[in-house]
2 protein chains.
Amino acid sequence: MAKMSSPTETERCIESLIAVFQRYAGKDGNSCKLSKTEFLTFMNTELAAFTKNQKDPGVLDRMMKKLDTNSDGQLDFQEFLNLIGGLAIACHDSFLRSTHFQKI
Amino acid sequence: MAKMSSPTETERCIESLIAVFQRYAGKDGNSCKLSKTEFLTFMNTELAAFTKNQKDPGVLDRMMKKLDTNSDGQLDFQEFLNLIGGLAIACHDSFLRSTHFQKI
């Protein structure tokens with residue numbers, strides 16, 4: 001990332017993912033992992049457009065359990081990226097479906 | 001993503017990942033997949049800081065083969081996200097090591 005010219009969109013994106021993770025993971029305890037509380041703060045702040053439409057109060061609990069693949073009660077950076085990747089794929093699929101329907 | 005207030009950093013990042021993928025995947029053939037040529041264009045444009053430091057000319061070929069998990073000669077969005085995730089984890093680990101060394 002260290003170079004004189006301005007970063008590309010992909011580089012900015014990678015930097016953002018690391019910065020956001022560290023911002024929320026650094027709020028309490030182990031600053032390399034998102035605790036349950038940090039995960040909820042992240043979801044309700046960064047992805048409020050998603051969480052506020054959830055009628056089921058248990059959805060974030062179940063997401064945390066599913067993402068926490070090593071079951072240590074926290075999310076490391078890899079587990080956090082799986083969440084971002086999953087959301088990106090859902091948005092991308094939804095975009096593809098909407099453009100498909102526009103065509104037919 | 002559709003809301004009146006400005007997007008959060010995480011939402012912008014997810015939008016960027018989709019936009020960048022579609023920009024390069026749309027250059028030729030199947031616009032939902034990165035062909036080998038599109039992958040090389042993406043790497044040499046968006047991640048030039050990484051590729052220009054590679055002495056080995058075969059590194060991009062091997063990356064493409066490794067990322068192409070279903071071996072169809074192209075990268076779909078999931079396979080593309082594995083690349084971004086891998087790079088983000090490498091950058092994050094390198095950051096953690098550098099802060100660790102600063103502490104000792």
Side-chain angles (χ1 to χ4, degrees), chain A residues 1-26 30-33 39 41-53 76-100 103, chain B residues 1-26 30-33 39 41-53 76-100 103:
Chain A
M1 300 288 134
K3 55 174 192 165
M4 297 304 285
S5 54
S6 63
T8 65
E9 188 168 2
T10 305
E11 289 170 339
R12 270 203 306 274
C13 200
I14 292 172
E15 286 171 351
S16 274
L17 289 171
I18 297 172
V20 166
F21 178 77
Q22 291 186 336
R23 188 180 318 143
Y24 288 88
N30 186 335
S31 66
C32 299
K33 298 198 175 188
F39 168 71
T41 307
F42 164 78
M43 291 299 293
N44 290 320
T45 312
E46 290 284 322
L47 298 169
F50 168 79
T51 53
K52 74 179 178 193
N53 289 325
D76 61 25
F77 189 54
Q78 169 73 70
E79 292 165 340
F80 169 78
L81 287 178
N82 291 342
L83 162 66
I84 304 297
L87 289 169
I89 286 168
C91 291
H92 185 246
D93 287 351
S94 151
F95 174 83
L96 291 184
R97 271 196 304 276
S98 68
T99 52
H100 176 71
K103 279 181 197 158
Chain B
M1 300 289 137
K3 54 174 191 163
M4 298 305 287
S5 54
S6 63
T8 64
E9 188 168 3
T10 304
E11 288 170 339
R12 270 203 306 274
C13 199
I14 291 173
E15 286 171 352
S16 276
L17 289 171
I18 296 173
V20 166
F21 178 77
Q22 292 187 335
R23 190 180 315 143
Y24 288 88
N30 185 337
S31 66
C32 300
K33 297 196 175 187
F39 168 71
T41 308
F42 165 77
M43 290 300 293
N44 290 320
T45 312
E46 289 284 324
L47 298 169
F50 168 79
T51 52
K52 74 177 180 196
N53 289 325
D76 61 25
F77 189 54
Q78 169 73 71
E79 291 165 341
F80 168 78
L81 287 178
N82 291 341
L83 163 66
I84 304 297
L87 290 169
I89 286 168
C91 291
H92 185 245
D93 288 351
S94 152
F95 173 84
L96 291 184
R97 272 197 302 276
S98 68
T99 52
H100 176 70
K103 280 183 196 155

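Naming: A, B, ... by sequence-line order, numbering from 1 per chain.
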If one checks every heavy atom of A:F21 against chain B at 4.5 Å, the contacting part turns out to be side chain
If one checks every heavy atom of B:I89 against chain A at 4.5 Å, the contacting part turns out to be both
Distance col, row B:L17:CG vs A:S16:OG, nearest 0.5 angstrom, shows 9.5 Å
Apply the test side-chain contact (heavy atoms from CB on, under 4.5 Å) to residues A:T10 and B:L47: give CA-CA distance (whole Å), side-chain angles for both, the deciding distance (0.1 Å), then the verdict.
CA-CA 7 Å; A:T10 305; B:L47 298 169; 3.9 Å; yes
(message) A:L96 vs B:C32, test: side-chain contact (heavy atoms from CB on, under 4.5 Å). Steps then yes/no.
(response) CA-CA 8 Å; A:L96 291 184; B:C32 300; 3.9 Å; yes
Residues A:G85 and B:L81: closest non-hydrogen pair is O-CD1, 3.6 Å
| message | Could you go through B:C91 and A:I18, starting from their C-alpha distance and side-chain angles, then the distance that decides it, and tell me whether this counts as side-chain contact (heavy atoms from CB on, under 4.5 Å)? | response | CA-CA 8 Å; B:C91 291; A:I18 297 172; 3.4 Å; yes
In this structure, CD of A:E15 is separated from CD of B:E9 (nearest 0.5 Å) by 10.0 Å
Applying a strict 4.5 Å limit to non-hydrogen atoms, the region of B:F42 in contact with chain A is side chain
